[in-house]
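Quick caveat: nothing in here was measured; it's all calculated off a predicted structure. Just the heavy atoms: all of them, side chains too, but no hydrogens, waters or symmetry mates, feed the values below. Read the numbers this way: they start at 1 and go in the same order the structure lists the ligands and their atoms.
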Amino acid sequence: MDNSSGAHGTSAVRVSGLTKTYGTQQVLRGVDLDIAVGETYALLGPNGAGKSTTIEVFEGIRRGDTGSVRVLGVDPLTAPRQWRSRVGIVAQSTGDLGPFTPRELIGYFGSLATAPRGVDEVLELVGLTAHAGKRAAKLSGGQQRRLDVALGIVGRPEVLFLDEPTTGFDPEARHQFWDMIAGLSAEGTSILLTTHYLDEAAQLADRVGVLSGGRIVAEATPELLGGAEARVPVVRWRDVNGDWCEERTEQPGELVGRLCAEARTAGLAGGEPEGLEVRRPSLEDIYLGLIAADETERAAAEAQR
Ligand SMILES: Nc1ncnc2c1ncn2[C@@H]1O[C@H](COP(=O)(O)OP(=O)(O)OP(=O)(O)O)[C@@H](O)[C@H]1O
């Protein structure tokens, strides 16, 4: 059924020109995405950028206005019933799970799938074994989120959509989650996740895309996002007057050597420039820079109208 061949081989998700307007607010202005089978893709963007809207269109629970959407080669809106069992969904918020326990819920969701994972295996994968018999409503926020993830993966989906999956997780749970996702990815699962944690995107994603102003404004591997220029190290120090100085340079060692020589000449204690630090911009710095640049560009375009 899936014969769509994208830039990275066969596509798990292939979207072009997706637009969506709520009332008078145009949220998506032409989203293009091509996620390969087996790829893990992190969709980043500020609050309200339209990440959940995009994912909901891919899940077939929301209708885009225009554009072409194919998930596993099929239009989610007209997909046959068996397509659903090939797609796993972890929405941003889950409804009331009633009086049931994780074991019962995982068992029930698994019974709807053609080749489900075992209930104990799933409980173990999401770290809920010790809470398998508690009522879902009595679980902590982080434990309920783990249960959401469990219900999304029990059917052994080929494509997994995760909308802010680790919100509310403690650091240990996030690391366990990352290991679990790495395992699913190694099994060949295609994964699209949204997250506000840039370390999570760097850890998990083969590629990241930045959604801003209704479009994907940057897309690359986490190591290459924003280009080489954005990764130039930044040297910060206080000058002899105590004022903060900052310089971006490809040769931080050379600059530091010069600053040390100047500090010695000025007779500073130990010949050390005060407050000296050399930093390579993190993925978060680069992401924030891309968002700020896009907002400035859009404001300028708006002002010219
Ligand atoms: N059903 C709806 N009706 C009207 N407006 C909506 C609806 N759903 C979302 N919106 C609006 O569309 C915009 C995008 O929302 P969306 O939830 O897709 O963003 P998001 O990138 O997922 O944000 P967040 O990071 O906060 O989860 C927001 O301004 C939101 O208020």
Side-chain angles (χ1 to χ4, degrees), residues 13 15-35 40-69 71 76-77 87-96 141-142 144-146 148-149 151-152 159-169 174 177 181 191-205 207-220 222 225-226 282-299 301-302:
V13 177
V15 180
S16 62
L18 176 64
T19 66
K20 175 71 186 172
T21 300
Y22 293 112
T24 57
Q25 185 193 6
Q26 187 167 18
V27 174
L28 304 180
R29 296 168 183 267
V31 170
D32 300 321
L33 261 183
D34 196 344
I35 302 173
T40 298
Y41 188 103
L43 187 60
L44 311 176
N47 290 134
K51 302 179 298 298
S52 297
T53 299
T54 303
I55 261 194
E56 285 164 9
V57 171
F58 297 171
E59 292 164 352
I61 56 176
R62 196 171 287 289
R63 183 182 289 273
D65 298 336
T66 59
S68 153
V69 178
V71 175
L77 285 176
V87 174
I89 296 177
V90 178
Q92 201 174 99
S93 55
T94 313
D96 182 6
Q144 287 188 14
R145 200 65 189 132
R146 292 177 189 217
D148 294 339
V149 173
L151 303 182
V159 178
L160 182 58
F161 295 117
L162 300 161
D163 199 352
E164 296 186 24
T166 59
T167 301
F169 278 27
R174 285 180 74 219
F177 171 83
I181 292 297
I191 299 166
L192 171 59
L193 78 142
T194 72
T195 183
H196 289 293
Y197 302 117
L198 277 292
D199 59 339
E200 184 158 292
Q203 179 73 28
L204 293 179
R207 276 190 306 152
V208 297
V210 178
L211 185 62
S212 179
R215 292 193 184 87
I216 303 286
V217 296
E219 188 178 62
L225 191 76
S282 65
L283 183 59
E284 185 153 314
D285 297 326
I286 292 166
Y287 162 79
L288 290 170
L290 285 167
I291 295 292
D294 181 61
E295 282 171 359
T296 308
E297 206 172 294
R298 278 185 289 121
E302 191 63 34

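Remark: Arg29 engages no residue in a salt bridge (Lys or Arg N to Asp or Glu O under 4.0 Å) (not counting sequence neighbours).
Taking only non-hydrogen atoms, the option from Gly23, Gly48, Gly45 nearest to atom 28 (C) of ligand 1 is Gly48.
Between the side chains of Gln203 and Tyr197, no donor-acceptor pair of N or O atoms lies under 3.5 Å.
For atom 26 (O) of ligand 1, the closest non-hydrogen atom on the protein side is Asn47 ND2, 2.9 Å. Nearest to atom 16 (P) of ligand 1 among the protein's heavy atoms is Thr53 OG1, 3.7 Å. In terms of protein heavy-atom proximity, atom 30 (C) of ligand 1 is closest to Gln25 OE1, 4.6 Å. The shortest contact between atom 19 (O) of ligand 1 and any protein heavy atom is with Gly50 N, 3.2 Å. For atom 3 (N) of ligand 1, the closest non-hydrogen atom on the protein side is Tyr22 CD2, 3.5 Å. The protein heavy atom nearest to atom 17 (O) of ligand 1 is Ser52 CB, 3.6 Å.
The ligand atoms of ligand 1 that sit less than 4.0 angstrom from a heavy atom of Gln92 are 27 (O). Near His196, with a cut-off below 4.0 Å to any heavy atom, the atoms of ligand 1 are 25 (O). Close approach of ligand 1 to Pro46 is summarised as follows: ligand atoms under 4.0 Å from at least one heavy atom of the residue are 21 (O). Here is the list of ligand 1 atoms found below 4.0 Å of a heavy atom in Lys51: 18 (O), 19 (O), 20 (P), 21 (O), 22 (O), 23 (O), 24 (P), 25 (O).
The part of Glu164 lying near ligand 1 is the side chain, judged by heavy-atom distances below 4.0 Å.
More than 12 heavy atoms of other residues, nucleotides or ligands sit less than 6.0 Å from atom CD of Gln26.
Contact of the Phe161 side chain with the Val13 side chain is registered, since non-hydrogen atoms from C-beta on lie closer than 4.5 Å. With a 4.5 Å cut-off on side-chain heavy atoms, His196 and Asn47 count as touching. You'll find the side chain of Ile216 reaches within 4.5 Å of the side chain of Leu43, heavy atoms only. Annotation: side chain of Thr167 is not in contact with side chain of Gln92 (no heavy-atom distance under 4.5 Å).
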Trace of the side-chain hydrogen bond (donor to acceptor under 3.5 Å, both in side chains) decision for Asp163 with Thr194: CA-CA 5 Å; Asp163 199 352; Thr194 72; 2.6 Å; yes
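For the side chain to side chain contact (heavy atoms under 4.5 Å, CB included) test with Leu198, the passing option among Ile286, Leu283, Leu225 is Leu283; the others fail.
Distance check for atom 7 (C) of ligand 1: a protein heavy atom is found below 4.0 Å.
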